[in-house]
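Here is how names work: the chains are called A, B, and so on, in the same order as the sequence lines, proteins then strands, and each is numbered from 1.
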Amino acid sequence: MKGSTAQFRLRRHPRQHALLLALLLPALAPGHGQAAAAAAAATTATTAAMEEHAGMSPEMAPAMPGPRRTTMQVSLGEVPLVREDGVKVKLADLLHGPRPVYVDFIFTTCTGVCPMLSANFAALQRRLDAAHAQADLISISTDPEQDTPARLRAYRQKYGGGERWHFYTGTAQADAAALRAFGVYTGDKMLHAPVTVFRADPAAPWIRLDGFASADDLYRELSPAKTAGR
Amino acid sequence: MRAGRLPRAAAGLLVALCLAASDLAAAALAPDLVARGREIYLHGRLGDGSPLQGVRAAGQAPVSGSDAACVNCHRHSGLGMTEGRSRVPPITGRYLDPPHSLSSDKPDLPYIETMRGVRMPYTDETAARAIREGIDANGRTLTPLMPRYGLGDADTAALLAYLKSLDRPVEPGVGDTVLHFATIVTPEADPVRREAVLATVRQFVKDKNEKAFLIGPTAAMHPSGRNVESKMLQRIPRRWEMHEWVLSGPPESWPAQLDADFAREPVLAVVSGVGGPHWEPVHRFCETRAVPCLFPNVDAPLERPDDFYSLYFSGGVLLEADLIAARLAERPGDRPPVVHQVFRAGSAGAAGAERLARALRPRGLRISDTAIPADATGEAVRRAVAGGAPGEVLVLWLAGADVAALGEAPAGATEIYASGRLGGFENTPLPASWRAHTLMAYPVDLPDRRAVRMRYPEDWLRSRGIPITDLPAQADTWLALSLLNETLKELIDAFIPEYVVERLQDGLDHRFITGYYPRLSLAEHQRFASKGGFFVRFAEPTGAKVVADGSWMVPDGP
């Protein structure tokens, strides 16, 4: 784990702010498909540029401790969920496709932890699109009565959710059952720790990542051996 | 930024002297600078209008604009929060640079559980360094969860000015041995409801003050016992003083009355109370004067998700309109030729009717509204519902007395919706001939499912000899006061209005005593704690037995 306590000065020129803004705005626009692929490369460059202009190079930015990685059992039941576009789907059906799947847990009025989780999913989505890699991103609400399909749609649009990133809600009971299946149910939306769950394919074990997994951490799960020397 | 050493004196004098001596004084802060800082803190907008930019650890996405705003983690109060295992510290001026008394090196501050331990106080320079570079006052790196912000000198100064402005010189309604609250009654309040609610409020406060150790003391720190590090707290129960602000005259005159009431008796919070269709002047008072207004008994609350100070148990008739709209959307068969709504002009029912009409018109449904004049007799109600074409949907936004006056159901009326909130839920006096065809919107839990939770308020009301004349309002009143009491107990001595709101909403999910409602939950941008409802039918021609038609549903909103 890298750490740095190097002092660094922040350059403070008004024109820098305008430049940052110009660089950053395209990265903030929601991207889909091809546009996302193009934006992905731009965004990586933008992030680097932004950190550079902020007087910090990526190596010097403080490191976040990496996520804790464990395997877990998940027993998926016939839990009835509702997607952000209103489509009804059972949890087990959602997760028996062949593609790798990532699952995280958010609520739309969350201001602390969830924006970070969703921003990381957004960055992961861009990386997947850029690499033409296929994986499904699933975000399940921990506040199902507030997070109606309409609210999930707005939240998904804000983070640029593409064809393979969907949001799910349901009745209070169904949602609790889904959260229990993944071992993250607490009964209190404020008592949530940042958790992302991953499965490479239906035959593979479920991996639980505790902590703020970056897009890199998440992407690396696709093929740990191949991406190790990245 | 540091205050000089000062002689120990009464709290108020001490604060005043601190203010005079130090440049933490809010009075010394230019209002423009504070306003500029507020834009950054609440909205992530810099002085030149561009978005605030923040960078987190390598690999984490940068943040910009409202996502970068300090309020997201440090909250409106500036006192931080706990979310999962993330502990966000308080950052108002006095927590960054604590005032010290002569006799103790320990800071003299209300206890916030995420406050950092002993460290060097911040200066303007080290605070700027923390925000821009993530180095704290002791020279240590801040948690990587805290972004490093790109802020120029002027914006940094503005933000620091705002953080200093968050400390009120004196917290309203907080005394050494007493906490002041108010309950508001508007002239539109139903007289029976008003008496029932006030009787409940008065008895709860009486119980709290007399039987402090049964209901639970509101913990307070005696000044000499204040010792944050050892957490040995000397508790003195503070008694509650409840002021009744009874408004009179037309709604336009209420803001001035409320301002005068608040100036005369500053309160920590307004709780419960009763109103009618015009609640907006009160809601706006709470928002502009920064007074928490906790769960008033109003059937037509205001839906302002971005406001902060007013909390409601339910959307009332607004929620019922959404439930009916959703039910009509799912309804099989042909679209009805017309939806006919009946309500009293200017009533809460009118607000429900307006919301339902707005939801249905875009679907091409024809809406016909009959607004019965406020002073008309029951005969006018009967006339309003008479006639009607076959296939027409009838929606009754009527209070109990008008429902009782309905007379015989019209022959052609086969699809009728009624407001449970206005009618009295299962006690709605719906005449027998109406019952077979009426679905009642029921935005509370079913009687048998809420029985256990309701035992607490019902037993308490009976044991105190309070006549139960409006159980829904009385249970809501008891619940509002209980939630306030529980929240205050957790605050130790941090009786700060915004913090009361934040802690109440954060702690709501895990409470199981929720009265009429199956679940209560609140957060930023959520001001209605209960979000769904049933539809019920009366099981018998007379009496209060109801059965659910379908399951609990949460409508998707307009």
Side-chain angles (χ1 to χ4, degrees), chain A residues 2-5 7-10 12-14 16-18 20-21 24 28 46-47 50-51 53-56 58-59 61-65 86 107-113 115-116 119-120 122-123 143-146 148-151 171-172 187-194 212 214-217, chain B residues 46 48 50-51 53 55-65 67 69 71-73 75 81-86 88 132-135 139-145 148-153 156 305 506-510 518-519 521 523-526 530-532 551-557:
Chain A
K2 245 188 332 178
S4 169
T5 54
Q7 302 273 350
F8 31 80
R9 296 252 121 247
L10 179 68
R12 307 184 282 272
H13 296 282
Q16 299 274 345
H17 294 297
L20 285 171
L21 183 60
L24 198 64
L28 292 175
T46 305
T47 308
M50 207 178 126
E51 289 175 355
H53 282 284
M56 295 193 290
E59 298 82 51
M64 191 88 83
F107 62 98
T108 63
T109 57
C110 171
T111 54
V113 166
M116 289 183 66
N120 286 338
D143 188 14
E145 297 217 321
Q146 171 72 11
T148 57
R151 293 203 176 98
T171 64
D188 185 341
K189 62 189 187 297
M190 290 304 287
L191 281 180
H192 66 157
F212 290 100
S214 68
D216 283 354
D217 294 324
Chain B
L46 299 177
D48 62 3
S50 65
Q53 317 275 17
V55 177
R56 282 199 177 101
Q60 295 293 332
V63 284
S64 175
D67 285 348
V71 69
N72 291 327
C73 291
R75 296 291 185 85
M81 64 166 176
T82 304
E83 192 175 313
R85 276 177 237 121
S86 304
V88 180
R132 292 170 180 161
E133 299 170 32
I135 312 287
R140 288 191 295 254
T141 311
L142 288 175
T143 166
L145 291 177
R148 279 62 173 156
Y149 288 103
L151 278 177
D153 290 342
T156 305
D506 280 0
L508 201 50
D509 275 33
H510 62 258
R519 262 170 307 278
S521 185
E524 288 289 306
H525 308 299
Q526 294 185 38
S530 179
K531 300 162 172 85
S551 37
W552 175 267
M553 66 176 288
V554 174
D556 216 347

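- For A/Pro149, the parts sitting under 4.5 Å from any heavy atom of chain B are the backbone and the side chain alike.
- Here the closest non-hydrogen pair linking A/Gly112 and B/Met81 is CA-CE, 4.0 Å.
- With rounding to the nearest 0.5 angstrom, the NZ atom of A/Lys189 is 7.0 Å from the CG atom of B/Leu508.
- If you check the side chains of A/Thr111 and B/Glu524, you find no donor sitting under 3.5 Å from an acceptor.
- For B/Gln526 (side chain) and A/Gln146 (main-chain N/O), no donor-acceptor pair under 3.5 Å exists by modelled atom type.
- Closest approach of B/Gln60 to A/Asn120, counting heavy atoms only: OE1-ND2, 2.8 Å.
- Counting only heavy atoms from C-beta outward, the side chains of B/Leu145 and A/Met116 approach each other to under 4.5 Å.
- Contact annotation for B/Met553: neither backbone nor side-chain heavy atoms come within less than 4.5 Å of a heavy atom of chain A.
- In this structure, B/Arg85 CZ and A/His192 NE2 are separated by 11.0 Å, a value rounded to the nearest 0.5 Å.
- Heavy-atom pairs under 4.5 Å with chain A were tallied for B/Val71, B/Asp67, B/Thr82, B/Thr143; the largest tally goes to B/Asp67.
- Annotation: maximal heavy-atom pairing with chain B below 4.5 Å, among A/Ala119, A/Ala150, A/Ala193, occurs at A/Ala150.
- The CZ atom of A/Phe212 sits 4.5 Å away from atom OG of B/Ser86, with the distance rounded to the nearest 0.5 Å.
- Note on A/Asp217, A/Thr171, A/Asp143: by heavy-atom pairs under 4.5 Å with chain B, the leading option is A/Asp143.
- Neither the backbone nor the side chain of B/Ser551 comes within less than 4.5 Å of any heavy atom in chain A.
- Options B/Ser521, B/Gly532, B/Ser530 differ in how many heavy-atom pairs under 4.5 Å they form with chain A, and the most are formed by B/Ser521.
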